[in-house]
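Every heavy atom of this structure was used, including side-chain atoms; hydrogens, water molecules and symmetry mates were not. All values reported here derive from a predicted model rather than from experimental measurement.
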Amino acid sequence: MNKKLGNLLVSVFMMFILVACAKETPNTPSEPEPEKQEEVVPNYDTTTFSLKGKEYHLPVKYEELAQDGWEANSNIDQKIGSNKKISQIFLRNGSMIIEVTFYNGSDTELDMKDASIAEVAAENRTFKGDVAADLVIHGEFDFNTTPEQFEAKLGAFEKTGNEVFDIYTFNHTAKAKTVIEYYKDGRDGSVSRWIRISNFTNKR
């Protein structure tokens, strides 16, 4: 009798499980998890800058700037050797002046006017009829950008200085960097005095 009762209880239990399973809501496709936006890391292998509203990429051919009205203040009718650079050349466009470095990354000697410009710098000053160049780097930074804003976008920096300036250097690659200089005594507040960008790759 006990055996029959046990078998009956097992049967009832199994029927209960089957009925419960039959009442379960069938599986439905679940909503896929939203894709995480991949963080965009700026690529400074080619450094972007703009002057007078036109965008360029370093290194840039001197001819490209010359066509847009930027003329050398000094004689550039000379040769530049393979993998050599010539610094502290000034280009003028109307009332604006920039300082540049010519670079020959090729395997042969070039006429300087056929070389590239691998470094561009601008000083934030007005002198007689000259005004500060409207240099914008990396699509958004200018003389009014604070050190904190540079750090937020460009990341870690090396801070050095001299008697006059605090100098912030952002190394993007082994050959490309951004350098910003602020008066140490704070006379201009958070407005920078110098902006300098360089990219000595051989892409162009």
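- For the side-chain contact (heavy atoms from CB on, under 4.5 Å) with Phe49, the qualifying choice from Ile98, Val60, Asn199 is Val60, the only one to do so.
- Checking side-chain atoms of Asn104 against main-chain N and O of Ala115 turns up no donor-acceptor pair under 3.5 Å.
- Judged by distance alone, the side chain of Arg92 and the main-chain N or O of Gly94 form a donor-acceptor pair under 3.5 Å.
- Under the 4.5 angstrom side-chain criterion for Ile, Leu, Val, Met, Phe, Trp and Tyr, the cluster partners of Tyr183 are Val164, Phe165, Ile167, Val179, Trp194.
- Under a 4.5 Å side-chain heavy-atom cut-off, the cluster of Ile, Leu, Val, Met, Phe, Trp and Tyr residues that includes Phe127 has no other member.
- Pairs of residues two or more places apart, or lying in two chains, that qualify as ring pair (Phe, Tyr, Trp, His ring centres under 6.0 Å) and include a residue from residues 98-121 are Tyr62-Phe102, Tyr103-Phe200.
- Checking side-chain atoms of Asp188 against main-chain N and O of Ser192 turns up no donor-acceptor pair under 3.5 Å.
- The neighbour count for Glu140 CD, taken as heavy atoms of other residues, nucleotides or ligands under 6.0 Å away, is above 12.
- Between Arg193 and Glu123 there is a salt bridge, since a side-chain N of the basic residue sits under 4.0 Å from a carboxylate O of the acidic one.
- Qualifying salt bridge (Lys or Arg N to Asp or Glu O under 4.0 Å) partners for Lys84, counting only residues two or more places apart in sequence or in other chains: none.
- Remark: the His57 side chain and the Thr48 side chain contain an N/O donor-acceptor pair separated by less than 3.5 Å.
- Heavy-atom neighbours of Asp185 CG from other residues, nucleotides or ligands within 6.0 Å: above the threshold of 12.
- Between the side chains of His138 and Thr178, at least one donor N or O lies within less than 3.5 Å of an accepting N or O.
- Residue pairs meeting the salt bridge (Lys or Arg N to Asp or Glu O under 4.0 Å) criterion with at least one member in residues 157-169, sequence neighbours excluded: Asp166-Lys184.
- Interatomic distance, NZ of Lys79 versus CD1 of Ile86, reported as 12.0 Å (0.5 Å rounding).
- At least one donor-acceptor pair under 3.5 Å links the side chain of Gln149 to the backbone N or O of Thr146.
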**Request:** Check the pair Arg196 / Glu99 against salt bridge (charged side-chain N to carboxylate O under 4.0 Å, His left out), numbers first and verdict last.
**Result:** CA-CA 9 Å; Arg196 186 179 303 273; Glu99 180 187 338; 3.7 Å; yes
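- Atom CD of Glu63 has 12 or fewer heavy atoms from other residues, nucleotides or ligands within 6.0 Å.
- Taking Tyr168 as the reference, Phe157, Tyr182 meet the ring pair (Phe, Tyr, Trp, His ring centres under 6.0 Å) condition, with sequence neighbours excluded.
- Between Asp68 and Lys52, no side-chain nitrogen of the basic residue sits less than 4.0 Å from a carboxylate oxygen of the acidic one, so the salt-bridge criterion is not met.
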